[in-house]
Amino acid sequence: MSSFLRTVVLLAVCALGACKAAPTPAPAPLRSVEACNEVAPEIDAVLMAFLSKARAVHLQADLAEADATTEEAVRLLDELVRMPVPGGEHPGPEVREVLADSLARLAELQGRRGNFDAARGFVQRGLKLATEPTQFRGRLFEVRGSVEKQAFEALRERHDEPGAAAAKARSIAALKEAVAIQESVIARALEVEPKR
Amino acid sequence: MKNRPELELVDAPQPSKKQLAVATEVVRAMVGGTIDRLDNEALLALVLGDDVAEAAILDEERAEADALSLALAGQGTHELAELAFALRHAALPRELDELTHERLLRGALHRKPERRVYWPLVSGMVALAAGVLLFLGSATLERTKREEAALSLQRLAPLVAATRIAPRSTEALFDRALAFELRGGESERVERIVASRASDYRANRFTRWGVK
Amino acid sequence: MNSQGRVATPGSSLRLVAEVPKDANVYGRARPSILRLVHSPSTSEVASARALDPVRIAELAAERELAERAKAGDRRALAELLRKYGPILYRSVLLPRLGSEAMAQDALADTYVRVVEKFVHFEWRGCGVYPWLRVVAMRIALDMLRSRKRERLFEPDDLVRAIDMAERDLDDGLDVRLCEERDLEASKAKLDSGLAAINSRYSLAIRLRVLEEKSREEVAATLGVTVSTLDVVLHRALKALKKALGGDAVEEEVSP
């Protein structure tokens, strides 16, 4: 008898023994389906409402940008990233990614307007939401690199050489990080996925 | 003489009562000057040789057509949309993107060879074990109906919840070979996320209602 | 009835393919047969084309070396071959016949697994690896068509005939380019025969909306209907096509 067959027989005997020996489990207190839902989040109406709101805000921001009124675009997006979100302190992946993308957009807009500190703040908030190495996190680093590059140019014009050098270094570091994240995204995409 | 089109009608099969009724309705509407585009379509379909059952647009058909239109736009599914996509793939087959190809290739190259199992013996063993379990079970498992109901509900609940689609990262919706643009593209991305999750949301509702 | 014949021309041949749907008389009038000439190069034509192409000869020599290494268990060599030919298999064999990207990707993955297992049995025939891979991929696609029920253009019987032809091509030493052309041509022919079997207004709706991916508004304007009526027309058109595809499209050999 091969080792495999011996293992099968042994397992079958053990299973029978366990069935015989195990006492009948006492039924646990009945829990409702709703109680189960609390531990297993799902795509629900609240999430859809948030996503729809985000879509509407981004479309409005597109229109504002098309009219060259970046201030209005910033106002709209700022409202979006401040509003209460599904999941509260622990939002789900979709909410975190949409917010991270919105914060990246805000940072990019503020960078263009020369509000570098505000832009840095938005990137920082975004990075706290997009913690996994995804394209959303990669974009935040790219925006950070771009903002720091703009800061570098502004500081150099003001002849603040040490400040400019520091901004340049931050820009390079952020862009390197963006490249590393994109490489990691590609590497994960190449990993073997389970067969459907 | 036989070549004249109007004479060919002589050989045409006689219309059914239903066909005549539909045609009469449509022509009456035309004569009264009230024909709308749908009726016009119905008349066209009749003239072009459709089945009469398909000529008049019923609510059911309208709903099907709407569902098909949505499915063609990537929202929901419809069996005729499957056919439409199959036609598109036959007419203009798209290239496989490099990343997906590389993943498939690596999957095959790094796959471990399957271990040969003597299935008749294994299934025999399992059947034997199941038989003994059944015997032991009927002898020892005595529960009240209330306990059984409580247990089965309790066991069912996580199963029902587990069949619902959970929130997850949206990165699979985007081409991972390309980083996001530095500027713009947010609206398209959120649009794609909404479209994908709307379909999950509908599926969850159907599951909750017990329709799925 | 359907017919297919070889027209004798020196050095090459043309097959005449005629297809008639099963329900040809369903509307009280006969539908016309669809006649099509399919270019089918002979063995000598292929051989002479190969003989005149030194670049291809060099490519084949390199490919043979890779194939020998792959056969001896060199996974890198096998990967190189599959990297070259996999995308062609996907685009010209699997995707058109299976009609869904997900199924075609599954089929390509299964093809690779089968190739990894069976490449040790591969025998070099002078025409390269592709015709052999093509037969493997078609067999996988056939299994998949049989096991998964969904709306599609090709039926398992079509695949059985295609495998027959592909095996003949393998014997004839057909080149990768010709195999690819032939497969794409076969898909287009199947599509055209389906569209020719329904009324022209319906086939126009399908061509514009589904194949050319024009907007609903644009197609509705072309057909002279409202957008919502277009949805109904398209629904009827696809239903009619589904019905027409239920007909036979058997190809038979006819002696010249």
Side-chain angles (χ1 to χ4, degrees), chain A residues 4-5 8-9 12 15-16 19-20 24 27-33 35-37 39-45 47-48 51-52 54-55 58-59 61-62 87 92-95 97-98 101-102 104-105 108 132 134-136 138-139 142-143 146 178 181-182 185-186 188-193 195, chain B residues 99-100 102-103 106-107 110-111 115 117-118 121-122 125-126 128-129 132-133 136-137 140-143 146-148 150-151 153-154 156-158 160-162 164-171 174 176-184 186-187 189-191 193-194 197-198 200-201 203-205:
Chain A
F4 176 70
L5 287 180
V8 170
V9 172
L16 290 177
C19 287
K20 179 81 180 157
T24 307
L30 182 64
R31 281 169 41 183
S32 71
V33 174
C36 262
N37 288 345
V39 289
E42 62 176 278
I43 309 287
D44 58 11
L47 174 62
M48 289 315 299
L51 292 176
S52 304
R55 175 175 58 181
H58 275 288
L59 287 173
D62 287 347
E94 287 92 345
V95 176
E97 287 171 354
V98 167
D101 213 22
S102 307
R105 185 175 189 179
E108 198 275 323
E132 298 294 317
T134 59
Q135 284 150 302
F136 294 99
R139 184 183 178 221
E142 209 174 335
V143 169
S146 161
I181 289 172
Q182 186 54 26
V185 168
I186 291 175
R188 268 190 301 120
L190 288 175
E191 277 170 17
V192 180
E193 287 179 5
K195 188 100 176 59
Chain B
L99 276 181
T100 309
E102 196 60 26
R103 179 170 56 75
R106 290 185 187 198
H110 300 147
R111 193 166 176 262
R115 186 167 183 169
V117 178
Y118 189 53
L121 186 64
V122 174
M125 294 293 297
V126 171
L128 179 70
V132 177
L133 263 179
L136 290 174
T140 57
L141 302 178
E142 289 174 5
R143 295 193 182 108
R146 186 180 162 74
E147 283 171 340
E148 286 289 354
L151 267 177
L153 258 181
Q154 198 172 310
L156 196 61
V160 170
R164 291 197 209 135
I165 304 164
R168 62 205 178 280
S169 171
T170 61
E171 66 171 336
F174 307 105
R176 281 177 277 183
L178 303 170
F180 291 161
E181 294 285 324
L182 177 65
R183 185 184 296 179
E186 298 88 356
S187 298
R189 284 196 283 277
V190 75
E191 175 68 52
I193 294 170
V194 170
R197 296 308 187 254
D200 294 348
Y201 170 58
N204 280 348
R205 264 196 317 182

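Since the model is a prediction, treat every value here as computed from it, not as a measurement. Numbers restart at 1 for each chain; the letters A, B, ... are given by sequence-line order, proteins then strands.
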Self-check item: Side chains of A:E42 and B:D200 in contact at under 4.5 Å (non-hydrogen atoms)
Solution: no
Quiz item: chain B heavy atoms under 4.5 Å from A:A45: which part of the residue, side chain, backbone, both or neither?
Solution: both
Self-check item: Side-chain donor or acceptor of A:D101 paired with backbone N/O of B:E186 under 3.5 Å
Solution: no
Quiz item: Is there a donor-acceptor pair under 3.5 Å between the side chain of B:E171 and the backbone N or O of A:T134?
Solution: no
Practice problem: Report the residues that fulfil ring-ring contact (aromatic ring centres under 6.0 Å, His included) with B:Y201, sequence neighbours left out, ordered by chain and then residue number. | Solution: none
Quiz item: To the nearest 0.5 Å, what is the distance between CG (B:L182) and CZ (A:R139)?
Solution: 7.0 Å
Quiz item: Quick one: does A:M48's side chain get under 4.5 Å of B:V194's, heavy atoms only?
Solution: yes
Exercise. Please look at A:E97 and chain B and tell me whether the side chain, the backbone, both or neither of the residue comes under 4.5 angstrom of a heavy atom of that chain.
Key: side chain
Quiz item: Do B:I193 and A:V98 touch side chain to side chain, with heavy atoms closer than 4.5 Å?
Solution: yes
Quiz item: Measuring from B:R189:CZ to A:S102:OG, what's the distance to the nearest 0.5 Å?
Solution: 9.5 Å
Practice problem: Can you sort out the partners of A:Q182 under side-chain contact (heavy atoms from CB on, under 4.5 Å), two or more places apart, ordered by chain and number? | Solution: A:Q135, A:V185, A:I186, B:A179
Quiz item: Looking at A:H58, A:R105, A:E94, which has the largest count of heavy-atom pairs under 4.5 Å with chain B?
Solution: A:E94
Practice problem: Can you measure from CG (A:D44) to CD1 (B:I165) and round to the nearest 0.5 angstrom? | Solution: 12.5 Å
Practice problem: Over all heavy atoms of both residues, which pair between B:V190 and A:A54 is shortest? Give the atoms and the distance, please. | Solution: CG2-CB, 4.0 Å
Quiz item: Nearest heavy-atom pair of B:S169 and A:P93: which atoms, and what distance?
Solution: N-CB, 3.5 Å
